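Remember, it's a predicted structure, so these values are computed and weren't measured experimentally. Every number for a ligand or one of its atoms is a count from 1 in the order of the listing. Reckoned from all heavy atoms, side chains included, excluding hydrogens, waters and symmetry mates.
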Amino acid sequence: MKPQDFPEDIRPHLIPAPAGDMVYRCLECGAEHGIEELLYTCPECRGLLLLEDRAQDRLKEHPGAFWRRLFDYRKMLNIPALKGIFLYYELIAPVIPLSDIIYLGEGHTPQVAANDSLKSEVGAAFYYKNDGQNPSASFKDRGMAAALSYLNHLAGKPGVGKMLAICASTGDTSAAAALYAAYLGDKVASAVLLPHGKVTPQQLAQPLGSGARVLEIPGVFDDCMKVVEALADNYQVALLNSKNPWRIRGQESYAYEIAQGFDYDVAGKAVVVPVGNAGNITAIMQGFLRLHDLGIIEALPRVVGVQSVHADPVFRYYAQPDKTKRVFAPVTVQASVAQAAMIGNPVSMPRVIRLVDEYTRRAGEGAVLVVEVTEQEIMDSMLLANRHGHIACTQGGESLAGFRAALSQGAVAKDEVAVLDATAHHLKFIGFQQMYFDDAFPPEFEVTPKPEYQNRPQLLATGETEIQKKVADLAGQIAALLALSPKK
Ligand SMILES: *Cc1c(COP(=O)(O)O)cnc(C)c1O
Ligand SMILES: [Zn+2]
């Protein structure tokens with residue numbers, strides 16, 4: 001729709017101009033730092049940083065109903081910069097001019113309802129929100145769209161040379177970083193550090209295809225993270241890990257979309273998210289809190305984090321019911337099919353603790369919980385979902401397994417409608433499905449295939465050579481295999 005065709009009260013706000021007054025705020029010591037420099041930890045105390053809009057109270061000059069109307073109308077606007085996560089421009093990074101925003105088709109991913117037979121198998125109604133339908137096939141694109149748009153903005157300033165964007169990754173961060181950096185062309189080069197042998201062939205192919213320097217480190221993700229931090233401490237690089245507060249801002253869009261998808265009524269809903277480095281779950285909590293602050297939503301949904309027993313430091317922390325006795329301890333991870341969440345020492349843990357406190361204070365005890373699931377449950381849940389028309393990856397399977405666990409513990413009520421995060425596309429993690437079908441899991445995964453979920457192609461043989469006879473023979477075999485009834 002053309003701008004002049006929108007209602008008169010919407011028109012002046014439709015295409016936003018830069019406004020906010022953003023700064024980095026240290027979570028530990030409270031210090032404030034300017035955003036002209038690319039920081040990812042506090043130079044004073046090394047604490048985690050959040051982005052804060054010091055002028056955010058200006059947004060409260062409008063009631064929640066105004067923002068709801070504006071965001072709904074903006075959906076009809078055909079301006080690329082406002083078609084992705086920056087539809088919620090004022091809430092994400094209102095200091096970036098529209099001309100610097102990169103849009104590669106991220107965000108506004110479909111929310112697909114479970115059909116009746118899946119609902120009855122699971123015992124409750126739910127949706128999958130398919131974040132695998134982002135351009136690099138995972139939710140990481142949401143954060144990269146914000147982080148690289150800001151880098152693009154900085155790159156346009158005088159005296160800024162070519163930048164090197166660098167990240168450590170369990171696979172999807174690097175695919176997203178490399179894609180967005182490739183779009184920026186000469187302004188930004190990218191290098192990604194991956195744990196050797198711990199990402200899928202698809203995830204390795206993605207940054208290679210985007211032209212990034214791909215460096216493999218013997219070890220696991222937590223080792224890559226240490227190397228990247230040493231680089232960021234000592235050299236001029238832009239760090240694109242989830243410590244990067246611009247990424248967290250971009251990932252808040254997931255919460256905004258869920259709210260908008262339910263016409264801003266999220267009371268009695270539960271949002272289920274797999275947890276690795278905990279960037280995503282903190283962004284989602286922060287996103288709902290921001291909507292609540294502005295009166296855009298009236299109630300907060302429940303948030304359920306899910307971890308595998310093979311990588312469960314956040315679950316363990318909250319397993320201690322007495323708040324005063326909780327101590328965070330990193331764990332050594334074991335083989336996990338939810339490989340993108342296979343992290344023993346999540347960098348965002350201080351953010352998790354702070355946000356869970358605030359969320360619980362506002363929404364009540366039990367509004368945030370973390371559940372644990374087995375590798376077997378993850379695989380079985382993924383296959384169950386996909387046999388009912390979904391495209392869940394292994395982490396998406398983890399979400400469903402976690403939802404089932406929360407239901408059976410009574411932590412989520414049967415009449416709560418859940419939205420499960422399918423964080424990546426099924427095809428990125430297809431090797432795990434193959435291992436299940438072939439019963440080829442190494443023992444450390446602890447997965448035994450259930451015959452009812454296994455599937456394989458059948459090769460049909462034919463003795464005949466003449467083409468017509470071959471066709472008739474094969475059709476006959478297939479009809480018998482599929483028990484087809486002949487035409488009357
Ligand atoms: C990164 C990732 C996760 C984990 O998200 P965190 O923000 O690290 O907690 C889960 N699933 C997929 C597919 C991912 O790429
Ligand atoms: Zn500090």
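Taking the six-membered ring for Trp and thresholds of 30 and 60 degrees, His390 and Tyr128 have ring planes inclined between 30 and 60 degrees apart.
Partners of Phe429 according to the ring pair (Phe, Tyr, Trp, His ring centres under 6.0 Å) rule, which considers only residues two or more places apart in sequence or in another chain, do not exist here. Every residue two or more places apart in sequence or in another chain was checked for a side chain to side chain donor-acceptor pair (under 3.5 Å) with His33, and none qualifies.
Taken from CD1 in Ile102 to CG in Asn152, the straight-line distance is 5.0 Å, to the nearest 0.5 Å.
Taking distances strictly below 2.8 Å, the protein N/O/S atoms close to the Zn ion (ligand 2) are Cys26 SG, Cys29 SG, Cys42 SG, Cys45 SG.
Residues Phe328 and Arg316 have side chains not in contact (no heavy-atom distance under 4.5 Å, counting atoms from C-beta outward). Within the 4.5 Å cutoff, the side chain of Tyr254 has heavy atoms near those of the Val271 side chain. At least one side-chain heavy atom of His292 sits under 4.5 Å from a side-chain heavy atom of Arg362.
Ion pairing of Arg142 with Glu252 is absent here, as no side-chain N (NZ or NE/NH1/NH2) approaches a carboxylate O to less than 4.0 Å.
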Using a cut-off of under 3.5 Å, which N/O atoms of ligand 1 pair up with protein N/O atoms, and what distance separates each pair?
unit_1: ligand 1; atom_1: 7 (O); unit_2: Gly279; atom_2: N; d: 3.2
unit_1: ligand 1; atom_1: 7 (O); unit_2: Asn280; atom_2: N; d: 2.8
unit_1: ligand 1; atom_1: 8 (O); unit_2: Asn277; atom_2: N; d: 2.8
unit_1: ligand 1; atom_1: 9 (O); unit_2: Gly276; atom_2: N; d: 2.8
unit_1: ligand 1; atom_1: 9 (O); unit_2: Asn277; atom_2: N; d: 3.3
unit_1: ligand 1; atom_1: 9 (O); unit_2: Ala278; atom_2: N; d: 2.8
unit_1: ligand 1; atom_1: 11 (N); unit_2: Thr423; atom_2: OG1; d: 2.8
unit_1: ligand 1; atom_1: 15 (O); unit_2: Lys140; atom_2: NZ; d: 2.6
unit_1: ligand 1; atom_1: 15 (O); unit_2: Asp172; atom_2: OD2; d: 2.6

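Glu446 and Thr374 share no donor-acceptor pair across their side chains, judged by distance under 3.5 Å alone.
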